[in-house]
Amino acid sequence: MKLKQLESLLGGLQQFSNPKVELEQYPTGPHIAAGLLYTAENSFDDISNKVVADFGCGCGTLGAAAALLGAEQVIGIDIDSQSLEIATMNAEDLELDIDFIQCDISNLGWRGQIVDTVVMNPPFGTRKKGADMDFLFVALKVASQAVYSLHKTSTRDHVKRVALRDLNASSAEVLCELRFDVPQLYKFHKKKEVDIAVDLWRFVPKRSRGKDI
């Protein structure tokens, strides 16, 4: 599938009708979502025929992109039931088979590296300090191949240092810097939209001992 076709399909998905500010719910635009998954597949072979988890999946955009690019299985995880209802409808509209789980990522009871790849647009940590790194901590525990994640460019040095020192990453690479379009969703937003500089990261987890052989 070509990048433009993927972006076009993602552009037709439903997004949050009543986003929750405490969960930092912002839609992942089709341009960024398509670029993230297309890069993961075509540059690193991390999507097709792989088990992919979409952490904090929201309305399911990243997970849908993974399924469209031939993932063997896609699992979308989010704490918010309303988001999962929209994500389920989006998957049905595109005739995609995606498994959705309602769960707080920090309470995810998975043991070991049981998915190949994690993709995510985590909370940036502006409402709950460190929320982005909490997501990354779990992602690097359960992924065997790679974690793709979006983080504010302003946090680049911190993200790299913590990922390599504390979070089980063997490598942490910024693939590109993007402009994340944040529309006027909440009352405290004074402008119609704001562009935030974000980094697209690819983290490679350290292999679990059972897979080092």
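The structure presented is a predicted model; accordingly, all values stated were derived computationally and were not measured.
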Query raised in the report: Charged N to carboxylate O under 4.0 angstrom, K160 versus E173?
Result: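 Here K160 does not pair with E173 in a salt bridge, since their nearest N and O are not under 4.0 Å apart.
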
Requested in this report: Output, in order, the C-alpha distance, side-chain angles, deciding distance and verdict of side-chain contact (heavy atoms from CB on, under 4.5 Å) for W110 and I75.
Outcome: CA-CA 13 Å; W110 293 354; I75 306 162; 4.2 Å; yes

Query - Derivation of the side-chain contact (heavy atoms from CB on, under 4.5 Å) call for V147 and M120 - result: CA-CA 8 Å; V147 174; M120 61 183 188; 4.2 Å; yes

Within a strict 4.5 Å, meaning less than it, do heavy atoms of the [X] and [Y] side chains meet?
X    : Y    : answer
M133 : L167 : yes
V74  : D99  : no
D199 : L178 : no

Heavy atoms only: give me the nearest [X]-[Y] pair and the separation to one decimal.
X    : Y    : answer
V118 : V115 : CG2-CG2, 3.9 Å
T61  : Q15  : OG1-NE2, 3.2 Å
G60  : A87  : N-CB, 3.8 Å
L136 : A163 : CD2-CB, 4.2 Å
V52  : A66  : CG1-CB, 4.0 Å
I98  : A91  : CD1-CB, 4.1 Å

Query - Verdict with reasoning, D46 to R202, per salt bridge (Lys or Arg N to Asp or Glu O under 4.0 Å) - result: CA-CA 11 Å; D46 282 335; R202 181 178 188 263; 3.0 Å; yes

same_hphob_cluster([X], [Y]) at 4.5 Å side-chain heavy-atom cutoff:
X    : Y    : value
V162 : L164 : no
L69  : L150 : yes
L62  : F100 : yes
L140 : V142 : yes

Just by modelled atom types, is the [Y] backbone N or O under 3.5 Å from a matching donor or acceptor in the [X] side chain?
X    : Y    : answer
N90  : Q14  : yes
T117 : I47  : no
D54  : G63  : yes
S43  : A40  : no
Q113 : K206 : yes
K50  : D45  : yes
D116 : Q145 : no
S8   : K4   : no

If I take atom [atom1] from residue [X] and atom [atom2] from residue [Y], how far apart are they, to the nearest 0.5 angstrom?
X    : Y    : atom1 : atom2 : result
C176 : W201 : SG    : CH2   : 12.0 Å
L6   : L36  : CG    : CG    : 10.5 Å
L175 : L200 : CG    : CG    : 4.5 Å
L108 : F55  : CG    : CZ    : 5.5 Å
I77  : C57  : CD1   : SG    : 8.0 Å
H151 : S149 : NE2   : OG    : 3.0 Å

Query raised in the report: Under the side-chain hydrogen bond (donor to acceptor under 3.5 Å, both in side chains) criterion, do Q102 and D78 qualify, and how do the steps go?
Result: CA-CA 5 Å; Q102 185 177 358; D78 203 282; over 6 Å; no

Requested in this report: Begin with the C-alpha distance, continue with both residues' side-chain angles, and end with the deciding distance and a verdict on side-chain contact (heavy atoms from CB on, under 4.5 Å) for K141 and R111.
Outcome: CA-CA 8 Å; K141 283 206 301 186; R111 294 286 176 268; 5.9 Å; no

**Report entry** Within 6.0 angstrom of R165 CZ, more than 12 heavy atoms from elsewhere
**Finding:**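 Enclosed: over 12 neighbouring heavy atoms sit under 6.0 Å from CZ of R165.
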
Query - F44 atom CZ, over 12 foreign heavy atoms within 6.0 Å - result: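 Yes, because the 6.0 Å sphere around CZ of F44 holds more than 12 heavy atoms from other groups.
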
**Report entry** Between S106 and D134, a side-chain donor and acceptor under 3.5 Å
**Finding:**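 No, no side-chain donor-acceptor pair sits under 3.5 Å.
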
Query - S48-E41 side chain donor-acceptor pair, cut-off 3.5 Å - result: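 Yes, E41 and S48 have a side-chain donor paired with an acceptor closer than 3.5 Å.
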
Requested in this report: Kindly indicate, with the supporting measurements, whether the criterion side-chain contact (heavy atoms from CB on, under 4.5 Å) is fulfilled by M1 and L9.
Outcome: CA-CA 11 Å; M1 181 177 291; L9 288 168; 3.8 Å; yes

